[in-house]
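Note that the structure is predicted; figures quoted are calculated from it, not measured. Quick note: numbers below take in every heavy atom, side chains included, and nothing from hydrogens, waters or symmetry partners.
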Amino acid sequence: MEYDFYYKFKEPDQDIADFVESIGTFQNRTDEPKEVVIIPDGRVDLFFMKSPSEPFHITLLGLETYPEQRHIPPHTTAFVVSFKPIAVEYILKTSIAGFLNSGKELPSGFWGFEADHIPDFEFCYEKATQKIKELLPQETDERKRKLFELIYESKGEMSVKELSEKISWSSRQINRYFTRQLGLSLKAYAMILRFRTSLEHIAQGKLFPELNYTDQNHFIKEVKKFSGVAPKELSKNQNDRFILLSVLKEK
């Protein structure tokens, strides 16, 4: 069946799974712009975009802290690598603190990708995987590795103090690292991760808090903050505006 808006996301090769969360593609196959809402998900996205109306471009997006409506031009194809935040330092070897809620255009030919490659998802998947394997560090700071492992395992619900104690790294140093590398505090990032976990529940039709929210009102307020709508409306996901929710519903 041919869909007007097509998307596909795959888990990464196990060798790069510490740094990459998913690799995917989406296509607007219609003659009209596709309205989507980008919502915070705690991932760092590298986009390769091909469109008849725009030059081929490669963009590294910073973390989002609020919802933003965007339009995908007609007949656009995108290939996207979604990184875990630890990859910013160790794979991308940069900081994204300067473009919170925005992005940075990367030079043409980055990682050897060309416009003609983008429609072939399997080719791009293998090419990106191979490139990331080449960039894997020989060693990582064990505190940072453990920090992100615990943040993900706890779904953002472990306090900064608890994390600090478990990895023997001061709260002040942790927040300095987060601010320098990602542009926001650990607490702010943890809230985003908790919202994304709640999004997985909403995709299953669970409209009440499954995590450690104070009460239903607190849950609704936080979902509105990060998505722009209440859980019930988010669950309906009219016209597949929330791509992330659409992907989660298919899991």
Side-chain angles (χ1 to χ4, degrees), residues 12 14-22 38-46 60-68 81-104 106 132-201 209-215 218-219 221-227 244:
Q14 195 58 40
D15 290 344
I16 62 173
D18 285 346
F19 299 94
V20 178
E21 189 166 314
S22 67
I38 305 299
I39 50 181
D41 61 10
R43 299 181 297 190
V44 178
D45 292 326
L46 176 61
L60 178 63
L61 296 182
L63 293 173
E64 297 95 2
T65 61
Y66 55 77
E68 184 176 352
V81 181
S82 294
F83 292 101
K84 297 177 179 179
I86 195 171
V88 172
E89 176 181 2
Y90 288 105
I91 302 298
L92 299 170
K93 297 178 173 60
T94 187
S95 163
I96 58 170
F99 42 103
L100 196 65
N101 296 303
S102 61
K104 176 184 178 182
L106 299 181
I132 295 168
K133 285 182 178 180
E134 293 171 7
L135 295 170
L136 288 174
Q138 291 186 346
E139 60 182 36
T140 59
D141 186 325
E142 180 61 17
R143 297 171 305 174
K144 296 172 183 176
R145 188 199 67 77
K146 189 64 177 176
L147 173 65
F148 283 106
E149 180 182 287
L150 289 170
I151 293 170
Y152 270 76
E153 284 180 356
S154 67
K155 301 176 173 56
E157 296 209 286
M158 192 175 290
S159 71
V160 180
K161 184 174 183 295
E162 287 178 285
L163 290 165
S164 172
E165 291 172 350
K166 284 183 177 294
I167 64 174
S168 302
W169 198 14
S170 76
S171 299
R172 183 178 179 182
Q173 289 176 319
I174 292 173
N175 275 314
R176 185 181 298 161
Y177 172 73
F178 261 75
T179 302
R180 183 180 69 246
Q181 286 297 119
L182 307 177
L184 77 178
S185 69
L186 170 53
K187 183 177 180 180
Y189 181 78
M191 287 177 64
I192 290 170
L193 210 57
R194 182 171 67 173
F195 161 72
R196 194 183 77 180
T197 303
S198 295
L199 201 63
E200 295 174 9
H201 301 151
E210 302 284 322
L211 300 175
N212 189 28
Y213 289 94
T214 307
D215 53 29
H218 180 210
F219 173 64
K221 183 178 180 181
E222 198 154 300
V223 169
K224 277 187 169 182
K225 173 184 176 181
F226 290 124
S227 71
L244 179 56

Check whether more than 12 heavy atoms from other residues, nucleotides or ligands sit under 6.0 Å from atom NZ of K224, and answer yes or no.
-> no
Does a donor on one side chain sit under 3.5 Å from an acceptor on the other, for S170 and Q173?
-> yes
Where the side chain of E162 meets the backbone of S159, is there a donor-acceptor pair that is under 3.5 Å apart?
-> yes
Quick one: pull up NE2 in H201 and CZ in F219 and give me the separation to the nearest 0.5 Å.
-> 9.0 Å
Any idea which heavy atoms bring L61 and E64 closest together, and the distance?
-> CD1-OE2, 4.4 Å
Verify side chain to side chain contact (heavy atoms under 4.5 Å, CB included) between R43 and S22, making sure each step is shown before the conclusion.
-> CA-CA 10 Å; R43 299 181 297 190; S22 67; 3.5 Å; yes
Is any side-chain N of the basic residue among D15 and K133 closer than 4.0 Å to the acidic one's carboxylate O?
-> yes
For ring-ring contact (aromatic ring centres under 6.0 Å, His included), just list the numbers for F178 and F148, CA-CA rounded to whole Å, side-chain angles, deciding distance to a tenth of an Å, and then say yes or no.
-> CA-CA 11 Å; F178 261 75; F148 283 106; 5.5 Å; yes
Take atom CD in E153; do more than 12 heavy atoms of anything else shown fall under 6.0 Å from it?
-> yes
Atom pair CG/CZ of L60 and F99 - distance to nearest 0.5 Å | 4.5 Å
Polar side-chain atom of E89 near backbone of T140 as donor-acceptor pair, under 3.5 Å = no
I96 vs Q181, side chain to side chain contact (heavy atoms under 4.5 Å, CB included): CA-CA, chis, key distance, verdict | CA-CA 6 Å; I96 58 170; Q181 286 297 119; over 6 Å; no
Closest heavy-atom pair and its distance - P85, L182 | CB-CD1, 3.8 Å
Drop me the distance from E200's CD to K155's NZ, to the nearest 0.5 angstrom.
-> 7.5 Å
Does NZ or CZ of K225 come closer than 6.0 Å to the centre of the six-membered ring of Y66, within 45° of the ring's axis?
-> no
Between F226 and S198, does a side chain to side chain contact (heavy atoms under 4.5 Å, CB included) hold up when you go through it step by step?
-> CA-CA 11 Å; F226 290 124; S198 295; over 6 Å; no
How close do I192 and G42 get, heavy atom to heavy atom, and via which atoms?
-> CG2-N, 3.5 Å
Is it true that R196 and E21 have a side-chain N and a carboxylate O under 4.0 angstrom from each other?
-> yes
Residues, nucleotides or ligands: over 12 heavy atoms within 6.0 Å of Q14 CD | no
Between S82 and D45, which heavy-atom pair has the shortest distance, and what is it?
-> OG-OD1, 2.6 Å
For the student: nearest non-hydrogen atoms of A17 and K84, plus distance = O-NZ, 2.9 Å
For L135, does its backbone N or O pair with a side-chain atom of Y90 as donor and acceptor, under 3.5 Å?
-> no
NZ/K146 to CD1/I167 distance, rounded to the nearest 0.5 angstrom?
-> 10.0 Å
Which atom names give the shortest non-hydrogen contact between P67 and I39, and what distance separates them?
-> CB-CG2, 4.1 Å
Salt bridge check: are E149 and R145 linked by an N-O gap of less than 4.0 Å?
-> yes
Starting from the C-alpha separation in whole Å, work towards a yes-or-no answer on side chain to side chain contact (heavy atoms under 4.5 Å, CB included) for L147 and W169.
-> CA-CA 9 Å; L147 173 65; W169 198 14; 4.0 Å; yes
Donor-acceptor pair, side chain of N101 and main chain of G62, under 3.5 angstrom | no
Counting only heavy atoms not in K93, do more than 12 sit closer than 6.0 Å to its NZ atom?
-> yes
Supply the atom-to-atom distance L199 CG to L193 CG, rounded to the nearest 0.5 angstrom.
-> 11.5 Å
Measure from the side-chain N and O atoms of S168 to the backbone N and O of S164, and report whether any donor-acceptor pair falls under 3.5 Å.
-> no
Would a distance-only check, ignoring hydrogens and angles, find a side-chain to backbone donor-acceptor pair under 3.5 Å from S154 to I151?
-> yes
Gap separating the OG1 atom of T179 from the CG atom of L100, nearest 0.5 angstrom = 10.5 Å
